[in-house]
Amino acid sequence: MSGSDFDLGAAFIPALHKPAPLLPIAKHRESLLYLVESYPVTIVVGQTGSGKSTQAPQFLEHAGWCADGKVIGVTQPRRVAATTVAIRVAEEFGCEVGKEVGYSIRFEDVTSESTRIKFLTDGLLIREALVDPLLSRYSVIMVDEAHERSISSDILLGLLKKIRRKRPDLRIIVSSATLQAEDFSNFFSEAREDAASEARQEGKGDIATIVSLEGRTYPIDILYLESPAEDYLEKAVSTVLDIHTNEPKGDILVFLTGREEIDQAVQAVSERSAQLPPGSQSILPLPLYAGLPTDQQMYVFEEAPENYRKVIFSTNISEASVTIDGIVYVVDSGFVKLRAYNPRSGIESLTVTPVSKASAAQRAGRAGRTKPGKCFRLYTEEAYQSLPSANVPEIQRSNLAPFILQLKALGIDNVLRFDFLTPPPAELMTRALELLYSLGALDEYAKLTKPMGLRMAELAVEPMMAKTLLSAPSFGCLSEILTIAAMTSLGGNIWIQHEGEKKKTESAKRKFAAEEGDHLTLLNVYQAFITKGRNESRFCHDNLLNFKAMTRAVSIRNQLKRYLERFGLNVDESLAAHSTSTGGGSSNKAEQIRRCLTAGYFAHAARMQPDGTFRNVSGTTVLHAHPSSIMFNRKADWVVFHEVMETGTKAFIRDVTRIEKAWLLEYAPEFYKTG
DNA sequence: GAGCACTGC
């Protein structure tokens, strides 16, 4: 710490070790090219700012890796990253985006015949493999941000390892943060049964190599608490005020776990900053989380007014997805909300969990982007030492059904023997296989069915919704189900909720409410948007609807419709014109929709108990209607629901629709044979 | 009567 005598010194003690600096990418140009030339797999280790994502592809292009019309593919875990990096590289390259340098993300393909360097999301590259299993148009594939261990980048690495055996010419670059570089290199070097002889010939270690690059970050002082904080939220607030009164200029970024905490902290800081001595600099506290409307998110990027210090209270969104300039101080609560999946109950949960060392390092790094910074960790150095080195990879804590389906469609029949970077628990695999079998996507030998399973894999929605869509023609409601599929895959972003205006949102929703449940309500919302809202800018505003989300629903619907038409299924839109709300002459249509939903979502059925809670079919799990649901506080008997998530101690079901018990037996006789 | 961290096709 610097020489000044602030109180912070009493509570925070400096870290013992600092990482040694490495070399920057420009100096490594020749060695990088040499390594890619000599080794099938190169692991590039470098932090954000090292220029690996922007420079490496250009080096390779100039060195002739696209000479024979081949393409260098660079995958990113997020859409924004794919587009922004592409734009920057095109600028450096001196071309228009979409010419020599382009990008491709869902709904946006900005590439052309002349594209040589192509940025794309990793999920999209997996999809390209459905059409071109050996990814033959690529000479080099670089998987960027692989250390994040998203499901799709993990699966992509598994596929690339497999492809490499058939395409020795393919060059693979894995870009990672320091901690896991060895894991990647071991993964590609490691011999597995069928590749054992090949690996013996090449010799272990000759396949993959590691190169380290320096990040262009400034030094960061890491400070720990001397003793554990009882309440990290309170400690975060007081630390912010301490920094504000004792430390020189510079904005503060505080990592918390969720919206509720963030709103509380913003409130507390604005109250306490009112008590600062008159004439002193003021604090401008701002919230940042994904659920925030875009215009409010933009505030964090604006410079604070004269005589204000900006303090951003953020979720994990600032750890990798969003970069804010001018941050000098980071306050790290040491916690994050993580998703887990219980294969026994099929329930996802969202729980507050201690961060990993890798996360903590990433958070600290956000302080040193423009000048030397400080990171205040709201835990002791001992506690830090006991943190896991990395997060549990997503593939080990998710519902695998959509990915198993994709692997099967890629011709990987024995998914249990697929070469995973980290294999998921057997229970997760079994659960996914069982669900896919019950939906008719797999036969009794666990082989992909045709056309059902193959079509389900091609549709860009989760398996139960895919089944619902493919069943819809026989219920005469394909147009409506298309809309429902698009609306449910948006997640919870349909409504705009302004602070302290919960009541307003509720009454806005009620206008579209359908007696039958949330799916029909979503259908009403979409149809109102299509008929009135698309051209009237006031429609969304007046009804507290999220215009961006609704526009996205239109895109998703169009894309799904194109898939279905390619399958030869005719989408008759003429019937969709009139409303399906109760009371009209279309209650038969509403029933067909509910029946069709049952045909896909029979595994997500529940029955309401006299006390108003729900119970799943086996009666083992208590479920609650989510407060956002139309079925919250309404009477029902049997229902199906889109998803179930546990937060705190309760499991909530979202997007709920009434059904008849008899339909479950009718559409899923095998699943409910004991009933 | 109570609430979704973050991505992606």
Side-chain angles (χ1 to χ4, degrees), chain A residues 75-82 104-109 120-131 145 148-156 255-263 288-292 314-322 333 335-340 348-353 355 359 391 394 397-398 402-403 405-406 409 456-463 465-466 485-486 489-495 497 502-503 505-506 552 555-556 559-560 562-563 612-613 624-629 631-634 642-655:
Chain A
T75 73
Q76 296 291 333
R78 283 168 291 278
R79 292 162 56 92
V80 268
S104 188
I105 56 178
R106 189 183 187 182
F107 306 131
E108 252 181 279
D109 182 14
L120 72 172
T121 48
D122 35 32
L124 200 58
L125 188 59
I126 294 176
R127 261 178 195 272
E128 281 190 10
L130 282 174
V131 189
E145 315 283 353
E148 288 187 20
R149 303 295 309 271
S150 72
I151 292 195
S152 17
S153 80
D154 266 23
I155 287 187
L156 186 58
F255 284 99
L256 295 173
T257 69
R259 172 157 88 179
E260 205 178 348
E261 272 177 18
I262 288 169
D263 289 343
L288 180 63
Y289 42 84
L292 210 60
S314 170
T315 61
N316 228 27
I317 192 171
S318 304
E319 196 181 296
S321 314
V322 171
S333 66
F335 289 97
V336 63
K337 254 185 209 170
L338 276 187
R339 179 164 55 195
E348 277 188 336
S349 61
L350 205 53
T351 37
V352 174
T353 320
V355 293
S359 262
N391 289 337
E394 207 182 2
R397 49 186 171 88
S398 307
F403 298 92
L405 195 55
Q406 283 214 324
M456 281 174 65
E458 285 187 42
L459 284 168
V461 287
E462 39 124 28
M465 188 52 89
S489 56
L490 288 176
N493 303 321
I494 296 158
W495 303 95
Q497 208 167 72
K502 290 177 192 176
K503 289 263 157 63
T505 317
E506 291 303 309
R552 193 173 154 76
S555 306
I556 296 176
Q559 192 189 39
L560 293 174
R562 282 198 301 276
Y563 277 119
T613 63
H624 300 259
H626 191 273
S628 66
S629 170
M631 301 310 290
F632 185 75
N633 264 359
R634 287 201 200 192
H642 182 70
E643 59 176 5
V644 50
M645 180 165 276
E646 192 180 302
T647 52
T649 52
K650 283 181 178 175
F652 292 96
I653 52 178
R654 313 166 71 86
D655 296 334

inquiry  = Does B:dC4 have its OP1 or OP2 closer than 4.0 Å to a side-chain nitrogen or oxygen of A:His626?
reply    = yes
inquiry  = With a cut-off of less than 4.0 Å, is there a side-chain N or O of A:Thr315 near OP1 or OP2 of B:dC6?
reply    = yes
ask   = Between B:dT7, B:dC9, B:dA2, which nucleotide has the shortest distance from any of its atoms to the side chain of A:Ala290?
value = B:dT7
message = Please tell me if A:Thr121 has a side-chain N or O lying less than 4.0 Å from either OP1 or OP2 of B:dC9.
response = yes
task = Would you name the heavy atoms of A:Phe255 and A:Glu319 that are closest together and state the gap between them?
result = CE2-N, 3.7 Å
base_contact_polar (B:dC4 base, A:Glu643 side chain, donor-acceptor, <3.5 Å) = yes
query = Nearest-Å distance, CD1 (A:Ile151) to P (B:dT7)?
reply = 15 Å
Between P of B:dA5 and NZ of A:Lys337, the distance in whole Å = 4 Å
ask   = With a 4.5 Å heavy-atom cut-off, do A:Asn391 and A:Arg149 have their side chains touching?
value = no
key: Residue whose nearest DNA chain B nucleotide is more 5′ - A:Lys650 or A:Val80   = A:Lys650
key: Whole-Å gap separating P (B:dC4) and CG (A:Asp655)   = 13 Å
request  = Please work out which of the three classes, parallel, tilted or perpendicular, describes the rings of A:His624 and A:Phe652, given edges at 30° and 60°.
outcome  = tilted
request  = Figure out the CD1/C1' separation between A:Ile317 and B:dC4, and round it to whole Å.
outcome  = 12 Å
key: Polar contact flag, side-chain donor to acceptor under 3.5 angstrom, A:Thr257-A:Glu261   = yes
note = Atom CD1 of A:Ile653 and atom P of B:dG3 are separated, to the nearest Å, by 15 Å
query = Counting any heavy atom closer than 4.0 Å, what does A:Phe652 reach on the DNA or RNA strands: base, sugar-phosphate only, or nothing?
reply = sugar-phosphate
ask   = Hey, is the side chain of A:Arg654 pairing donor to acceptor with the base of B:dC4 inside 3.5 Å?
value = yes
request  = Using a 4.0 Å heavy-atom cut-off across all strands, classify A:Leu350 as base, sugar-phosphate, or nothing.
outcome  = base
query = Judged by modelled atom types alone, do A:Glu145 and A:Ser153 share a side-chain donor-acceptor pair under 3.5 Å?
reply = no
request  = Determine the contact category for A:Ile126: base if any of its heavy atoms lies under 4.0 Å from a base atom, sugar-phosphate if only primed atoms, P, OP1 or OP2 are that close, otherwise nothing.
outcome  = nothing
request  = To the nearest Å, give me how far apart CZ (A:Arg149) and P (B:dC6) are.
outcome  = 22 Å
ask   = Of all the nucleotides listed (B:dC9, B:dT7, B:dA5), which has the minimum atom distance to the side chain of A:Arg78?
value = B:dT7
inquiry  = Counting the atoms with a prime plus P, OP1 and OP2 as sugar-phosphate, which does A:Arg127 contact under 4.0 Å by heavy atoms, base, sugar-phosphate, or nothing?
reply    = base
remark   = Result for 5'-nearest mapping on DNA chain B, choosing between A:Leu288 and A:Val461, is A:Leu288
ask   = So does A:Thr647 get a side-chain nitrogen or oxygen closer than 4.0 Å to the phosphate oxygens (OP1/OP2) of B:dC4?
value = yes
inquiry  = Restricting to non-hydrogen atoms, name the atom on A:Ala457 and the atom on A:Gln406 that form the minimum distance, rounded to 0.1 Å.
reply    = O-NE2, 4.4 Å
ask   = How long is the line joining CD of A:Glu646 and C1' of B:dA5, in whole Å?
value = 16 Å
ask   = Closest to the A:Arg79 side chain: B:dT7, B:dC9, B:dG3?
value = B:dC9
query = How long is the line joining CE of A:Met465 and C1' of B:dC9, in whole Å?
reply = 15 Å
